[in-house]
There are 2 protein chains.
Amino acid sequence: MTGAQRPTLEAVARLAGVSRATVSRVVNGSTTVAEPIQEAVRRAVAELGYVPNLAARTLVTQRTDSIALVMPEEATRVFSDDQVFPGIIRGAAQELEAADKQLVLMLAGSPAGHERVERYTSGRHVDGVLFASLHGADPLPGRLARLGIPVVCSGRPLDGADVPYVDVDHIGGVTRAVRHLIEQGRRRIATIAGPQDMVAGIERLAGYRDTVAAAGLPELVVTGDFTRESGGAAMRRLLAVHPDVDAVFAASDLMAHAALRTLRESGRRVPDDVAVIGFDDIETAAYTEPPLTTVRQPIQELGREMTRMLLRMAAGERVDPLLLPTELIIRQSA
Amino acid sequence: MTGAQRPTLEAVARLAGVSRATVSRVVNGSTTVAEPIQEAVRRAVAELGYVPNLAARTLVTQRTDSIALVMPEEATRVFSDDQVFPGIIRGAAQELEAADKQLVLMLAGSPAGHERVERYTSGRHVDGVLFASLHGADPLPGRLARLGIPVVCSGRPLDGADVPYVDVDHIGGVTRAVRHLIEQGRRRIATIAGPQDMVAGIERLAGYRDTVAAAGLPELVVTGDFTRESGGAAMRRLLAVHPDVDAVFAASDLMAHAALRTLRESGRRVPDDVAVIGFDDIETAAYTEPPLTTVRQPIQELGREMTRMLLRMAAGERVDPLLLPTELIIRQSA
DNA sequence: TTGTACGCGTTATCAG
DNA sequence: CTGATAACGCGTACAA
């Protein structure tokens, strides 16, 4: 059973005693076909088990009715428990559901994978491409855009390509967070920064720097990569160098979570001795010990807005970058 | 800039002063083209920014060089922290990497999504389809198989369709787990079963039933859906009805984890008062309090084997269902 | 080694 | 309202 020669439009037409064109019309729901003929065609379709060949259709319509969401990450990182990717995916899925388009997810963690994704998307296998979380100056979004393929990134592309993007207001969120610490009288405010090859990491650090500098406070910076492990290690380094720190802004909740634990292990009380603020507002933030004060970013909304932007582009509209608001959620850690 | 008329093989041929056929040969790496001509063609390709149209290529080659991994779940569940889906994805990705094929992930949580996935896959948009975690008697795998599309499921399809599958040895694993409990002298052995619309749920319960029955022990069954929340609730119901339970086999580590917590809250010591065994061996199983004894399933291996099986099918080979071994990992909870 | 010509399965245009 | 017929962009026998 190697495929049993799939039935084509031609076969259906013969069986129904009509032309290919008519079958095509029925299949695509045109109303200009006489009822009895529609009926005959439908029977033939059912009897033969006809299914339209998408490649052939795409070739003439120039559409695939599917869009790609590319995650330039390894599977393990995509599926970590910060729910950032899942949030974007859900947002995109919702919006595409309404547009009746298929979402195809692609991982591009390895160099080979990255290259394969490029072939796939630039070969017009999808009507548009969404990029979640770019690393470094990835040239792919820019290249696809130059090919005339609609592209939207989450966050401003670091290679300076003129590609539309949606992002959350990192700077605004961090600024509010650090000010909150300052208003509490904290004076030795450190940050556990995120990876500096990602916009989110860069901007959150910039927001911290500007705000402490404006207040005439010193910069205390250690760096992690958004994961729990890196957060714990960073916090230990911080304590070793600056044992007198009285507040920490961590660029992700995962890192903040680890920091909480490290601080406790070092005998410090949160928030009494050291205040901690995270970023993301992941689900577990409300259940940490103590509950985590954090900057909430509307991650699902991000996925939805990226998708809407992409659909508008695919429809030929011009679009502008969009910044989504963030919000300081005050719990007990600061 | 609405697409700027993408260059075709024809355009490249004109610019290079050769025929379309020759360009096609160069693009596809045929060695039978004179070096200087290859060079000229390559220059023309670069200058025009030519990228092959995949739809056209597919139409003639009847291949897409991509395969789908369908997850009939909502995004939230796929991205939960049991790492089952990520494991399958990683396994599949590894194996496809070697075959230089593109992996496309599709979620089919909603009915509409399910239908869209059907259109997409049955329209020959991919060379084959992998199904992870089927619910109930999903007819899709069987239908695709009947269309001659290579399909592999994780776990025997519940609708009885004759579709090749790979699964782990649930029964063997559970049997060893329950026997381990019996050998410790446990006599009131309960189970927190998984959802009964999934093979994994069904078989793990069957394994429990057979083993306790063979030992002449009573069946104590409560049911969850593999999630932590459901596990905690199930454990509470269990304690209410059978306060004298002295061992629990939970059909997932997530549920076992919640059971551990619930037992502690009820004042019972694990394993002294109640022994607990889980299933999966997720990463956190080693870090629970106390560390969780559990049945390890080679989940990444599952993804790899499914993929290898699919590739063999696509190559025209016949394949047989495959069962991967499970292993009892003894830690401290039992 | 290179070119010619046909076909892959659809949709769209245009007569009728 | 229906049916020819021409694209769509590419790979590949076959011929030269």
Side-chain angles (χ1 to χ4, degrees), chain A residues 3-42 44-45 48-65 119-120 122-125 127 147-149, chain B residues 3-42 44-45 48-65 119-120 122-125 127 147-149:
Chain A
Q5 207 49 276
R6 273 160 47 86
T8 76
L9 218 48
E10 178 68 39
V12 177
R14 262 201 310 272
L15 180 59
V18 297
S19 74
R20 285 205 317 259
T22 300
V23 177
S24 174
R25 286 192 264 264
V26 173
V27 168
N28 291 300
S30 164
T31 51
T32 72
V33 177
E35 186 47 54
I37 296 206
Q38 286 199 31
E39 185 50 34
V41 169
R42 258 189 273 281
V45 165
L48 263 36
Y50 168 75
V51 178
N53 180 314
L54 264 23
R57 174 179 287 173
T58 294
L59 192 52
V60 37
T61 62
Q62 308 279 37
R63 288 179 302 104
T64 66
D65 286 325
R119 283 211 304 273
Y120 191 91
S122 65
R124 284 274 194 286
H125 234 319
D127 296 340
L147 284 175
I149 298 175
Chain B
Q5 205 51 277
R6 274 161 43 88
T8 77
L9 219 46
E10 177 70 39
V12 177
R14 262 201 311 271
L15 180 58
V18 299
S19 75
R20 285 210 318 260
T22 300
V23 178
S24 174
R25 290 190 186 102
V26 174
V27 168
N28 292 302
S30 165
T31 51
T32 71
V33 178
E35 185 49 52
I37 296 208
Q38 286 199 33
E39 185 50 33
V41 169
R42 259 190 272 280
V45 164
L48 263 37
Y50 169 75
V51 178
N53 180 315
L54 264 23
R57 175 179 287 172
T58 294
L59 194 52
V60 37
T61 62
Q62 307 281 36
R63 289 179 302 104
T64 67
D65 286 325
R119 284 211 305 273
Y120 190 91
S122 65
R124 282 278 196 284
H125 234 317
D127 295 341
L147 284 176
I149 298 175

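Nothing here was measured: the structure is a model prediction, and the numbers come from that model. Below, chains carry the letters A, B, ... as their sequence lines are ordered, and counting in each starts from 1.
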- Message: I want to check one thing: is the phosphate of D:dC8, taken as OP1 and OP2, less than 4.0 Å away from some side-chain N or O of B:Asn53?
- Response: no
- Message: Expressed as a whole number of angstroms, how long is the span from A:Gln62:CD to C:dA12:P?
- Response: 11 Å
- Describe the nucleic acid contact of B:Leu9 in one word from base, sugar-phosphate, nothing, applying a heavy-atom distance below 4.0 Å. sugar-phosphate
- Message: Counting C-beta onward and ignoring hydrogens, is there a side-chain heavy-atom pair between B:Thr64 and B:Leu54 closer than 4.5 Å?
- Response: no
- Between P of C:dC8 and CD of A:Glu10, the distance in whole Å: 10 Å
- Query: A:Arg25 pairs by side-chain contact (heavy atoms from CB on, under 4.5 Å) with which of A:Val41, A:Ile37, A:Thr32?
  - Reply: A:Thr32
- Within the structure shown, what part of the strands sits under 4.0 Å from A:Val23 by heavy-atom distance: base, sugar-phosphate, or nothing? nothing
- Message: Using heavy-atom distances to pick each residue's nearest nucleotide on DNA chain D, tell me which of A:Ala21 and B:Leu59 is more 5'.
- Response: A:Ala21
- Between C:dT10 atom P and A:Leu54 atom CG, what is the distance in whole Å? 10 Å
- Task: For A:Ser24 and for B:Glu35, locate the closest nucleotide of DNA chain C by heavy-atom distance; then report the residue assigned to the nucleotide nearer the 5' terminus.
- Result: B:Glu35
- Task: Evaluate the ring planes of B:His125 and A:His125, with Trp represented by its six-membered ring, and classify them as parallel (under 30°), tilted (30 to 60°) or perpendicular (over 60°).
- Result: tilted
- Message: Please tell me if A:Thr8 has a side-chain N or O lying less than 4.0 Å from either OP1 or OP2 of C:dG9.
- Response: no
- Got a donor-acceptor contact below 3.5 angstrom from the A:Ser24 side chain to the A:Arg20 backbone? no
- Item | Atom pair distance, as rounded to whole Å: CZ in A:Arg25 and C1' in C:dT11 | 10 Å
- Which residue lies toward the 5' end of DNA chain C, B:Val33 or B:Ala56, if each is placed at its nearest nucleotide? B:Val33
- Query: Quick one: is D:dG11 close enough that its OP1 or OP2 comes under 4.0 Å of any side-chain N or O from B:Thr61?
  - Reply: no
- Shortest non-hydrogen pair, A:Leu59 vs B:Ala55, comes out as N-CB, 4.2 Å
- Message: So for B:Arg20 and D:dG11, does any side-chain atom that can act as donor or acceptor lie under 3.5 Å from a complementary atom in the base?
- Response: yes
- Note on the structure: In whole angstroms, the gap separating P of D:dG11 from CZ of B:Arg63 amounts to 10 Å
- Message: Let's see if you can work this out: which of C:dC8, C:dT10, D:dC14 has an atom nearest to the side-chain heavy atoms of B:Val60?
- Response: C:dC8
- Euclidean distance, atom CG of residue A:Asp65 to atom P of C:dT10 [Å, nearest integer]: 16 Å
- Could you state the CG-P distance from B:Asn28 to D:dA13, rounded to the nearest angstrom? 13 Å
- Mind calculating the distance between CD1 (A:Ile37) and P (D:dC1) to the nearest angstrom? 11 Å
